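Reading through the structure tokens given below for one structure.
Numbers restart at 1 for each chain; the letters A, B, ... are given by sequence-line order, proteins then strands. Since this is a predicted model, take the numbers as computed values, not measurements.
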Number of protein chains: 2
Amino acid sequence: MQIAVVLFDRFTALDAVGPYETLGRLPDAETVFVAEHTGPVRTDTGNLALTADRTLADVPAPDIVVVPGGPGQSPQMENETLLDWLRAADATSTWTTSVCTGSLLLAAAGLLEGRRATSHWLALDFLKRYGAEPTGERVVTDGKYVTAAGVSSGIDMGLTLLGRIAGDEHAQAVQLLTEYDPQPPYDAGSPAKAPAHIVEKLRGRSRFIRT
Amino acid sequence: MQIAVVLFDRFTALDAVGPYETLGRLPDAETVFVAEHTGPVRTDTGNLALTADRTLADVPAPDIVVVPGGPGQSPQMENETLLDWLRAADATSTWTTSVCTGSLLLAAAGLLEGRRATSHWLALDFLKRYGAEPTGERVVTDGKYVTAAGVSSGIDMGLTLLGRIAGDEHAQAVQLLTEYDPQPPYDAGSPAKAPAHIVEKLRGRSRFIRT
């Protein structure tokens, strides 16, 4: 079983690392970080780089595709090399997944047409423009397509898919090993729960989501 | 404000990325990933590398020190270069923090003597051997020392410290941007909550924590 996590300039680190740390603990699976070119790929803050060990061309047919999002996703939506790779990989994948605005890349590749899907809460409207049916859920499964909401939701997505593939017991063991017993100090993690003026302020900051 | 995240061979990626993605969103702060040598540093699975952009020597006096854990922490507990750096950095830091078994490194450097602290649930006993007072809490603050439990708890730690430094509103905005509204598909994230036979099985697997 091969899991390919796709990197691109200015992706959001946790989008990729959440599924890697959970789904990547699938028994007998190899997780490989891929990008157009091998080598370090910078995240959205510029302060961190993750290494792409293989090029997209090196990994043409992964069993599971994981596409993170981030501010750098906009130019990628017109990157035909990446979109072609996504379409080809999807043609043989068992699962095609995304975190955050990664779903906009799947949508731009034409893979979410008429499908229920999700994305970062600031990007749900964009998803609709590409023919997907956005839902407010944190993890959405439609056929073999599993999309997750913003950034941290990739952990929930990873555990959900891990349970589906390897069974509940294995997923629970990984949850326990990663001590995923969340206790956020605030209850502001969704637009429905956060103080309204904070939600409005972020809606006004267009730099996070541009498409 | 400078935040130094310490990398070493076979660290756990999410331990480092959780605080980076939350605490690292501190206004006007620079987050820098440091290690003994610059370049890619492999994580515990071998499938991912994060780039250390600076050596420990390049960053002698960060305001905030973040030490992740992972299976690779054992040999580091005898790495005098790293322990000396931790002691020196701690002498001038505003906050000295850890995630998972990173607290064992702080303890080995002599920084947690007589202090309340936490670690991965499988490592709490080891913490005691170094004179710390382990608690069962997810995030423990004792003076300027903030330690977090296993792997994913670095997200909670990062938000907690972010709120303390930059205020509740800023921390809530970061929680909303990272859409940290956890909905794990299981409730197995702590030894008190996970099925007993899974807890026992992991206790028997000594490879995760060795010291």
Side-chain angles (χ1 to χ4, degrees), chain A residues 5 12-14 17-18 20-21 24-25 30-33 40 43 45 47-51 53 100 120-122 138-139 149-153 155-156 159-160 163 168-169 171-173 175-195 198-199 201-202 208, chain B residues 5 12-14 17-18 20-21 24-25 30-33 40 43 45 47-51 53 100 120-122 138-139 149-153 155-156 159-160 163 168-169 171-173 175-195 198-199 201-202 208:
Chain A
V5 182
T12 298
L14 186 53
V17 170
Y20 152 84
E21 202 71 87
R25 309 266 171 188
E30 172 208 25
T31 299
V32 54
F33 284 77
T43 64
T45 65
N47 293 329
L48 174 62
L50 270 63
T51 301
D53 286 318
C100 197
H120 190 281
W121 62 274
L122 280 169
R138 189 157 172 86
V139 177
V151 190
S152 61
S153 63
I155 300 173
D156 297 332
L159 282 175
T160 300
D168 293 342
E169 294 243 336
Q172 287 171 316
Q175 185 181 3
L176 181 54
L177 264 184
T178 55
E179 214 162 337
Y180 187 46
D181 178 29
Q183 295 169 31
Y186 309 97
D187 190 15
S190 79
K193 293 175 177 176
I198 295 178
V199 176
K201 199 163 121 186
L202 294 185
F208 189 72
Chain B
V5 182
T12 298
L14 186 52
V17 170
Y20 151 84
E21 202 71 89
R25 308 266 171 189
E30 173 208 26
T31 300
V32 53
F33 284 78
T43 65
T45 64
N47 293 329
L48 174 61
L50 271 62
T51 302
D53 286 318
C100 198
H120 191 281
W121 62 274
L122 280 170
R138 189 159 172 85
V139 177
V151 191
S152 61
S153 63
I155 300 174
D156 296 332
L159 283 175
T160 301
D168 293 342
E169 294 243 335
Q172 287 172 317
Q175 184 181 4
L176 181 55
L177 264 185
T178 55
E179 213 161 339
Y180 187 45
D181 179 28
Q183 294 169 32
Y186 309 97
D187 189 16
S190 79
K193 294 175 176 176
I198 294 178
V199 176
K201 199 163 121 186
L202 294 185
F208 188 73

*Please state whether the side chain, the backbone, both or neither of B:P195 comes within less than 4.5 Å of a heavy atom of chain A.*
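Just its side chain gets close to chain A.
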*Is chain A contacted by the side chain of B:K193, its backbone, both, or neither, given a heavy-atom distance below 4.5 Å?*
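The answer is the side chain of B:K193.
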Where the side chain of [X] meets the backbone of [Y], is there a donor-acceptor pair that is under 3.5 Å apart?
| X | Y | result |
| --- | --- | --- |
| B:T178 | A:V151 | no |
| B:E179 | A:A149 | no |
| A:Q183 | B:R138 | no |

If we define contacts as heavy-atom pairs under 4.5 Å, which of [options] has the most with chain A?
| options | value |
| --- | --- |
| B:A173, B:A194, B:A188 | B:A188 |
| B:V32, B:T45, B:T160 | B:T45 |
| B:S153, B:G163, B:S152, B:G24 | B:S152 |

*Kindly indicate, with the supporting measurements, whether the criterion side-chain contact (heavy atoms from CB on, under 4.5 Å) is fulfilled by A:I198 and B:L176.*
CA-CA 8 Å; A:I198 295 178; B:L176 181 55; 4.2 Å; yes
*asked:* Please classify the contact between A:V139 and chain B as side chain, backbone, both or neither, with a heavy-atom cut-off of under 4.5 Å.
replied: neither
Please round to the nearest 0.5 Å and tell me the distance separating atom [atom1] of [X] and atom [atom2] of [Y].
| X | Y | atom1 | atom2 | value |
| --- | --- | --- | --- | --- |
| A:D187 | B:Y180 | CG | OH | 11.5 Å |
| B:I155 | A:I155 | CD1 | CD1 | 4.0 Å |
| B:Y186 | A:E169 | OH | CD | 10.0 Å |

*Among A:L14, A:L159, A:T43, residue most engaged with chain B (heavy-atom pairs, under 4.5 Å)*: A:L14
*B:Y20 and A:N47: side-chain donor and acceptor closer than 3.5 Å?*
no
*Carefully, step by step, assess B:L48 and A:L50 under the rule side-chain contact (heavy atoms from CB on, under 4.5 Å).*
CA-CA 7 Å; B:L48 174 61; A:L50 270 63; 3.7 Å; yes
